[in-house]
Amino acid sequence: MLRNAFEPWHLILIIAVLVLLFGSKKLPDMARGLGRSMRILKSEAKAKALKGEGTTEAPRPESATGH
């Protein structure tokens with residue numbers, strides 16, 4: 001059913017629509033910004049994994065003593 005989902009003419013059509021919507025001058029800037037965002041996200045995820053922040057749980061409130 002999903003065999004040959006993306007054929008070359010699909011990609012050409014998608015690129016043509018993007019150029020028409022955003023213009024040929026803005027597309028490189030958008031791609032550059034997306035690349036920067038992906039690098040930042042990747043570095044932040046790696047830093048979090050090294051610190052172990054991804055596996056910590058929220059601190060539990062202390063129960064009242066004396067009851």
Side-chain angles (χ1 to χ4, degrees):
M1 184 173 160
L2 292 177
R3 188 182 302 174
N4 297 330
F6 280 111
E7 294 183 9
W9 70 271
H10 288 119
L11 297 176
I12 292 170
L13 183 65
I14 291 171
I15 290 171
V17 169
L18 287 174
V19 168
L20 286 174
L21 286 176
F22 299 109
S24 61
K25 293 188 178 195
K26 287 189 178 183
L27 285 176
D29 293 334
M30 289 173 56
R32 193 174 303 118
L34 181 63
R36 286 180 186 156
S37 299
M38 292 301 291
R39 271 185 257 129
I40 291 170
L41 178 65
K42 187 176 178 181
S43 66
E44 291 293 325
K46 185 183 274 188
K48 237 182 197 182
L50 290 176
K51 286 183 180 179
E53 292 177 0
T55 59
T56 59
E57 294 181 9
R60 294 182 181 176
E62 295 293 324
S63 61
T65 57
H67 284 259

Practice problem: First locate atom CD1 of I14, then atom NE2 of H10, and finally report the distance between them rounded to the nearest 0.5 Å. | Solution: 8.0 Å
Exercise. Side-chain contact test, heavy atoms from C-beta onward, threshold under 4.5 Å: evaluate it for R32 versus D29 and give yes or no.
Key: yes
Quiz item: In terms of hydrophobic clustering (I, L, V, M, F, W, Y; side-chain heavy atoms under 4.5 Å; direct or indirect links), are V19 and I12 co-clustered?
Solution: no
Quiz item: Could you give the distance from CD (E44) to NZ (K48), rounded to the nearest 0.5 Å?
Solution: 8.0 Å
Quiz item: Distance from L20 atom CG to I15 atom CD1, nearest 0.5 Å?
Solution: 12.0 Å
Practice problem: To the nearest 0.5 Å, tell me how far L50 CG sits from K46 NZ. | Solution: 7.5 Å
Quiz item: Between atom CG of L27 and atom CG of L21, what is the distance when rounded to the nearest 0.5 Å?
Solution: 9.5 Å
Quiz item: Is it the case that one hydrophobic cluster holds both L13 and L18, taking links as side-chain heavy atoms less than 4.5 Å apart, direct or via other members?
Solution: no
